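Letters A, B, ... are given to chains in the order of the sequence lines, protein chains preceding strands, and every chain is numbered from 1. Everything numeric in this text was worked out from a predicted model, so none of it was measured.
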Amino acid sequence: MIALVDCNNFYVSCERVFQPSLEGKPVGILSNNDGCIIARSEEIKKLGVAMGTPYFKIPDLIKQHNIKILSSNYALYGDMSRRVMQVLGRFTPTMEVYSIDECFLDLSGFSQDLTTYSNTIAKTVKQGTGIPVSIGIAPTKTLAKLANKLAKKGIAGNGSVLVWNTLAEPDKLLATLPVKELWGISSGLGKRLNRIRIDNVLALKQANIQLIRKQFGVVLERMVRELNEIPCIPLEMIAPKRKQILTSRSFGTRLSTLPELRAAVSVFATRSAEKLRSQNLCTQTLCVFIHTSPFALDKPSYNNAITISLDQPTQDTGLLIRTALAGLERIYRPGYEYQRAGILLPDLMPNGMQQLSLFQDDSNDNPKSERLMTVLDAINHAHGRHSIRYASQGLSARWQMRQQLKSPAYTTRWECLPIVTIN
DNA sequence: TCTGGGGTCCTAGGACCC
DNA sequence: TCTGGGGTCCTAGGACCC
């Protein structure tokens, strides 16, 4: 049996742990750059605010209902997530951290009553971290996801826990669920399924497996089998190695000039190199891209990207910056208002295993670069990110993301530690 | 004025091998 | 009249996830 533990309204719950006054009130969390609402409390959902609603489109609603809006605080969410996972780790040796707010636990072979056990898990997480969770338990991941959703919505189970096999008539329930509710079915697949008269989960479960394979491919075939309690998606206990690293941002204000874009791209390249080193990886390839806004239909649009192969794999910030800027020069066109840029490293490998270049005569530089990067990382770790930097990163913050409503990094910066006063 | 960021997997088609 | 059979690797694009 597999349990899916999912934190309820995770980002909102993290904020509420440190601002209990937000409890019971409508709360929304914004995407980076304070763009859209990407996490919602139950109260704001009830007011009809959909996932992904642009923030600037609902000022009246916010005022009228006194909705509390916050910028994303990923330092906080990341740390709270780590704590939740740590508590969950006490309950089973085999678990897969699936996302920042979800975790699969392998409960097969447990002799206890799973409902009781799961209630204990939920209670312990709440007590240890302040975060409320819902738990769905079933023979496959797909069904565990579904059970979790039903528990959360209060359709079945005891409010926060649902063990699939305790349902008297699961098929009756499946028949009431639209196929789009399933993990792995988005609107695209959902519409195609509806066209062949598969509109609820039961219909999909009973669909002809050969036909599904032929028309929709192996992904949906696996899903149908999982609905029939045949596990096809294994638990991944060891996180697989990263396959790519992406660093990109929308700008706080549109950028038109090359110098400003150069500064932004330098910062993204620097961040990418830091990510490489922190995961002990290096890259053989760098891709740099720039976009105008897809929403500015009245203005000329331009999207371009360039992929550059390096002579040999590297994790050196200076080399990645030089490469990225050379790429930028080639794709930059004047006369556009750029909204976003980024660096993609699509071809990663473990550091120390790279194939050296046959023709490079300065390969002795490698130890030097390594020492420099170690010092750089140590200084920036001790004194804060960007304490020392490459000149090309510049000093202007004009393009930095907007994050005007961000709460303090309560758990990751000493200056932000909450202070408790006892009267 | 204002619309996120970071990932994975699958498939089809092209290029190549013997 | 008539021109094989069986592979691998890479890439771009689409679909999906949180």
Side-chain angles (χ1 to χ4, degrees), chain A residues 4 6-11 28-40 49-59 62 69 71-74 77-78 81 96-104 141-142 145 148-149 179-193 213-223 232-234 236 239-254 268 271-272 275 279 284-285 287 289 291-299 303 305 307 309 337 339-348 400-406:
Chain A
L4 174 67
D6 190 324
C7 301
N8 300 346
N9 317 319
F10 182 56
Y11 296 174
I29 311 288
L30 299 175
S31 60
N32 272 327
N33 220 20
D34 290 350
C36 313
I37 294 184
I38 54 156
R40 303 163 298 155
V49 177
M51 181 74 172
T53 304
Y55 175 40
F56 71 90
K57 283 192 177 169
I58 53 165
I62 290 172
I69 299 287
S71 304
S72 297
N73 183 348
Y74 287 103
Y77 311 149
S81 168
E96 172 190 343
V97 177
Y98 175 66
S99 74
I100 194 164
D101 70 331
E102 285 170 73
C103 187
F104 288 105
K141 278 183 165 181
T142 302
K145 270 283 215 184
N148 185 293
K149 190 170 249 185
V179 84
K180 279 173 207 162
E181 299 274 303
L182 270 177
W183 180 43
I185 297 197
S186 188
S187 59
L189 267 178
K191 275 181 200 141
R192 281 174 60 200
L193 283 168
R213 171 68 182 247
K214 209 170 161 206
Q215 287 197 16
F216 296 89
V218 69
V219 179
L220 200 66
E221 179 190 358
R222 281 201 279 253
M223 206 171 300
C232 299
I233 310 172
E236 308 227 21
K241 280 269 167 236
R242 279 258 169 288
K243 296 190 171 164
Q244 60 177 50
I245 286 177
L246 174 65
T247 307
S248 83
R249 294 282 179 279
S250 296
F251 306 128
T253 42
R254 306 274 182 264
F268 301 158
R271 185 70 197 116
S272 303
K275 289 180 185 173
Q279 298 173 51
Q284 173 78 67
T285 311
C287 169
F289 60 86
H291 289 179
T292 53
S293 169
F295 300 100
L297 300 174
D298 52 335
K299 291 182 178 149
N303 304 329
T307 302
S309 286
E337 294 182 11
Q339 175 244 5
R340 178 185 165 90
I343 302 278
L344 177 66
L345 308 178
D347 193 8
L348 307 176
Q400 297 279 344
M401 299 189 285
R402 275 189 307 271
Q403 288 189 311
Q404 293 177 333
L405 306 164
K406 192 156 89 172

Which nucleotide in [options] has an atom nearest any side-chain atom of [X]:
X	options	value
A/Leu189	B/dG4, C/dC16, B/dT3	C/dC16
A/Leu246	B/dG7, B/dT3, C/dC17	B/dG7
A/Trp183	C/dC17, B/dT8, B/dG4	C/dC17
A/Lys243	B/dC9, B/dG4, C/dC18	B/dC9
A/Arg254	B/dT3, B/dG6, B/dT11	B/dT3
A/Arg222	B/dC9, B/dG7, B/dT3	B/dC9

Over how many whole Å does the gap from [X] atom [atom1] to [N] atom [atom2] extend?
X	N	atom1	atom2	answer
A/Tyr98	C/dC17	OH	P	8 Å
A/Lys141	C/dC17	NZ	C1'	12 Å
A/Asp347	C/dT11	CG	C1'	12 Å
A/Lys299	B/dT3	NZ	C1'	14 Å
A/Ile185	B/dC10	CD1	C1'	16 Å
A/Lys241	B/dC9	NZ	P	15 Å
A/Gln244	C/dA12	CD	P	13 Å
A/Ile100	C/dC18	CD1	P	13 Å

CE (A/Met223) and CH2 (A/Trp183) are apart, to the nearest 0.5 Å, by 8.0 Å
Interatomic distance, A/Asn73 atom CG to A/Leu30 atom CG [nearest 0.5 angstrom]: 12.5 Å
Quick check: on DNA chain B, is the nucleotide nearest A/Arg340 upstream (toward 5') of the one nearest A/Val219, or the reverse? Name the residue that is more 5'. A/Arg340
Closest-nucleotide mapping onto DNA chain B: is A/Tyr55 or A/Arg249 further toward the 5' terminus? I mean the 5' end. A/Tyr55
Looking at [X], does any N or O in its side chain come under 4.0 Å of the phosphate oxygens OP1/OP2 on [N]?
X	N	result
A/Arg402	B/dT1	no
A/Thr247	B/dG5	no
A/Thr253	B/dT1	no
A/Lys145	C/dC18	yes
A/Arg213	B/dC10	no
A/Ser31	B/dT3	no

Answer with base, sugar-phosphate or nothing: what part of the nucleic acid does [X] contact at a heavy-atom distance below 4.0 Å?
X	value
A/Ile245	sugar-phosphate
A/Asp101	sugar-phosphate
A/Glu102	sugar-phosphate
A/Arg192	nothing

Would you say the side-chain atoms of A/Asp34 pair up with the backbone N or O of A/Gln404, donor to acceptor, closer than 3.5 Å? yes
So does A/Phe251 get a backbone contact from the side chain of A/Asn33, meaning a donor-acceptor N/O pair under 3.5 Å? yes
Using the six-membered ring wherever Trp is involved, compare the ring planes of A/Tyr11 and A/Tyr77 and label them parallel, tilted or perpendicular (cut-offs 30° and 60°).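 Parallel: the ring planes of A/Tyr11 and A/Tyr77 meet at under 30°.
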Kindly determine whether A/Lys299 and A/Thr292 satisfy side chain to side chain donor-acceptor pair (under 3.5 Å), including the steps that lead there. CA-CA 9 Å; A/Lys299 291 182 178 149; A/Thr292 53; over 6 Å; no
